[in-house]
Amino acid sequence: MANDDENKKTVQALISGELPWAEMKDLMSGTKDPERFRVVRSILQSMVPFPEKILLPLTPHLFIVQKQSERIVKCDCGYEFGDYRTNWKYFSRVRVRDSEESLKSLYHPDQGVDPQWMELREFYCPGCFRLLETEAVPPGYPVVFDFQPDLDSFYRIWLKEPLD
Amino acid sequence: MAQTVPRILAIDAGGTMTDTFVVDEAGAFTIGKAQTTPNNEAEGLLRSFDDALHYWNIDRTSAAPHLGAVVYSGTSMLNRLLERRGDGPIGVIVTAGMEDYFRMERAVQTYAGYPFSDRLHVVTHVHNEPLVPRRYVKGVRERISFFGEEVVPLYDNEVRSAVHSLLQMGARAICINFLYSYRDPRHESEAMAIAQDVLREQGSDIPIYLSSRSNPVRGDLARLNTLVVEVYAARPSRQQLFNIRDRLKEEGSSAPVRVLASYGGTVSPDVEWLVTTLISGPIGGILGARRLADTYQFENVVCTDVGGTSFDVGLITERELLTRTEPTVARFLLTLPTLAMDSIGAGTGTLVRIDPAVKRVTLGPDSAGYRLGVCYEPGGVSVPSITDCDLVLGYINPDYFLGGEVKVDRDRALAAIDEQIARPLGSDPFSAAEGVVRLLETQMRDHLYGMVLGLGYSPENYRLLGYGGGGPLHVAGYTQGLEFQDILVPSWAAAFSAFGGACADYAYRYDRSIDLLITTDAGAREMVAQSLNLAWQDLHDRIADEFLRDGLNPDGMSFVPSVRMQYMGMLDDIEVRAVWPMDAGEGLTDLVKRFDTLFAKIFARSARSPEAGYFVTKAIGVGILPTEKPVLPAFAVGDAKADPSADKGRRQLFWRGEWHTARLWEMEKLRSGNEIIGPAVIEAPATTLLVPPGHTALLDQYRVFHLMNG
Ligand SMILES: [Zn+2]
């Protein structure tokens, strides 16, 4: 890119949610910058308090990081959820809203869901108690495993820098 | 030499430059240019007028009293809307339940104006910031049905309280738009009467606007948008226009000032609905083209306008211009009859980059606009533009840009192209620059070829006219390989839009939705004929009132009645001339025949589908008063060989991968009959005509160049 600093500033603003709409639209409609992932990764790395290398962001607070020979899911508070191939939600604190009473605090009476048909599951970090993810599913539905990336292929084929 | 007597002053006030086109009694013309002065347009206009007159060695005060016609077109109104610098707050009263028009925008406005790739790319869709905040939109209970019947009466008290609170909130105008008010305006009229009562009680005199009055046509969001844009963007321009009129009067002119409207007529600045003049710039070009087509007796003409940011194409097919009634302007659907032009975002200012992923040239979508490109250092542009490429290739004279008034730096352009385009491609800067220009021209060619083919014609059926700032420079390129009958470049290409404005009629137009089905049933036909006649009578009277207000006698007006029609079940209606009064027998049969023929011309014969009947969507009336227009003088055709005084020397230019030594000519000094053999460049202060190797440019009796290949 013509100006690396400018580019980094833009991505920084994008991550912090401060990028004006017009510039965000340009980013979305423009050509794909092959360096974009590396820039995003390095900005995120500078924002977390731990030294392990971020391999991939999962949510605004969760990252897959390289810890010695392991690849684990880690919260930006430092809490570790374990191997990324296992659903991190199993190791989180869960609150299920499956009653009229519990749903009422979120929805207007006319607009809420019917707990017979759907429930809300909120997943919290045991370290910092932040809400990390919410799923809306029919009662009894298995816990959703949102995303299991193929990290080796991604790094080897797309970024052309294979992970060891 | 006898003193020149200027008769017509035509103005095209663009975002950056104000062009003037001044015509004398004999039809001779001169072109002026000056920077646009948005805060007081009259200033830039007068400077541009001075610039034009200096070629004739006369001054403004001796010229102005001779003027018989002044026509203005400009982009200030549109820019006010684009830049959100309009008037407000505006209060809006709608049918209860419909208060969220501006937040929902029928969804289509969230991707209006997007290229196809972004339309598919849903995350890029975004709602417009409403011109009217939600709290200024009040719903009142009432309902007129599609058939014009009252289903729910108007709740008077709700109108009263809506007006009360809008006044309290500081509304400076009130717009009223009810569902199906185009069918029956009684609820809007009743609401207006109630609102006026409240205003009187409160001692307020803010204006009230009715959609059934401004534009009684189907499509409630577009109708409301148009009403709001009238208050927001158009009304503030009225003062500017009055100001222009006053300034010219001070200079001694007694000519009425008229403004070009999007449907191709011109109107007084006193016109009831000024929003009809929202789009005027590109309209001028197509009217100028029609004038040339009439002069030369051409049936089919492709009009191509290369500007700084866009390439606009319009078609004249069998002498007909296409009018659209619901254009999208600045991301708003509007009910404004507008001469059809199709644009792509490619012009001389278009910025050029290399896609880092696939190592290919990408053009735009952004443009350097008035900042030209890297070659113009004060503009501060760091990415090369098409103008930079043209300069590097030797097509543009760096010392004669706008007659030498703007200094451009060829070395800066060359360095930027080398660094940002050529090296990433592993090429030399000249081949790279030429590749870019050919790519742009290919996009333009595909665009216009697609439009011609889409009508079931081929280029062999058309003549092509190239104008605008960049038209003469690129027309040889974008017509390459297309066998048009002829390629014409008027020597006044740079002010062609202003010229076109001067060719427009003094005309008011009104549309009205009627939605009637023509079948073989005699009773239904009787009703269609009756409704049309009533509608035309009403339109006729309204137009006559406009002329009366302008201080003119409407008796001399010619009234052109027409309808918009479609095959029942189809989506696009087209405009067909009609006869007034209309009778239910022969008259309607003739109308249907004319529609069948026109449909076949505009779309395709095979797409006709009369089985389900004919649907008349609108009645339209245009009232025209005669006005003075430029005549195209015919000069004596002389020698093919140009006078030596026109010879400006030679310059190297790069074409098809090779350097050529091109002859340079001063356009002003060429005479009718002269034949310029390429490689050559013909220069005028505001125009550069490129005659590539193997091409010849012949200047005809009207001072129009014909560009021939071989
Ligand atoms: Zn945490």
Side-chain angles (χ1 to χ4, degrees), chain A residues 1-44 56-60 107-108 110-111 133-134 136 146-147 149-150 153-162, chain B residues 82-84 105 109-130 330-331 345 350-368 373-374 380-385 388 412 415-425 439:
Chain A
M1 278 272 94
N3 191 330
D4 287 347
D5 276 356
E6 231 10 75
N7 189 22
K8 197 164 174 177
K9 249 189 243 164
T10 307
V11 177
Q12 183 95 53
L14 178 73
I15 291 171
S16 60
E18 286 158 5
L19 195 66
W21 164 257
E23 284 181 56
M24 192 145 76
K25 162 79 173 53
D26 285 348
L27 276 190
M28 293 192 290
S29 304
T31 53
K32 301 280 174 263
D33 175 6
E35 290 307 305
R36 180 75 40 79
F37 178 79
R38 277 177 267 263
V39 174
V40 169
R41 206 208 63 81
S42 80
I43 292 170
L44 292 174
L56 198 72
L58 282 182
T59 76
Y107 294 108
H108 186 274
D110 302 335
Q111 294 168 344
E133 186 61 272
T134 303
D146 295 309
F147 183 39
D150 178 352
S153 298
F154 175 59
Y155 272 79
R156 191 180 71 245
I157 299 170
W158 290 83
L159 300 178
K160 304 208 173 4
E161 49 178 60
Chain B
L82 286 166
E83 296 163 12
R84 295 292 195 276
E105 306 187 89
Q109 286 186 175
T110 62
Y111 54 83
Y114 276 13
F116 195 64
S117 55
D118 277 345
R119 289 190 203 185
L120 298 178
H121 200 186
V122 180
V123 289
T124 63
H125 296 192
V126 66
H127 282 283
N128 293 296
E129 185 64 39
R331 294 172 54 87
T350 295
L351 297 179
V352 186
R353 296 183 184 85
I354 300 295
D355 184 325
V358 291
K359 296 269 180 267
R360 278 171 54 186
V361 175
T362 61
L363 298 178
D366 44 349
S367 164
V374 180
V381 179
S382 61
V383 178
S385 67
D388 289 317
R412 271 180 66 86
I417 289 168
D418 191 36
E419 189 204 324
Q420 297 178 41
I421 315 286
R423 280 195 225 152
L425 293 175
L439 178 65

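We name chains A, B, ... by the order of the sequence lines, and we start the count at 1 in each one.
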| request: Grab the two heavy atoms, one from B:T124 and one from A:W21, that are nearest each other, plus how far apart they are. | output: O-CZ2, 3.4 Å

| message | Could you check whether atom CZ of A:R38 has more than 12 heavy atoms from other residues, nucleotides or ligands sitting under 6.0 Å from it? | response | yes

| B:D355 and A:K32 ion-paired at < 4.0 Å | no

| task | Could you tell me which non-hydrogen atom of B:H121 sits nearest to which non-hydrogen atom of A:M28, and how far apart they are? | result | CE1-O, 3.2 Å

| said: Given heavy-atom pairs under 4.5 angstrom as the criterion, report whether the side chain, backbone, both or neither of B:S117 touches chain A. | reply: neither

| Euclidean distance, B:D118 CG relative to A:K25 NZ, rounded to 0.5 Å | 4.0 Å

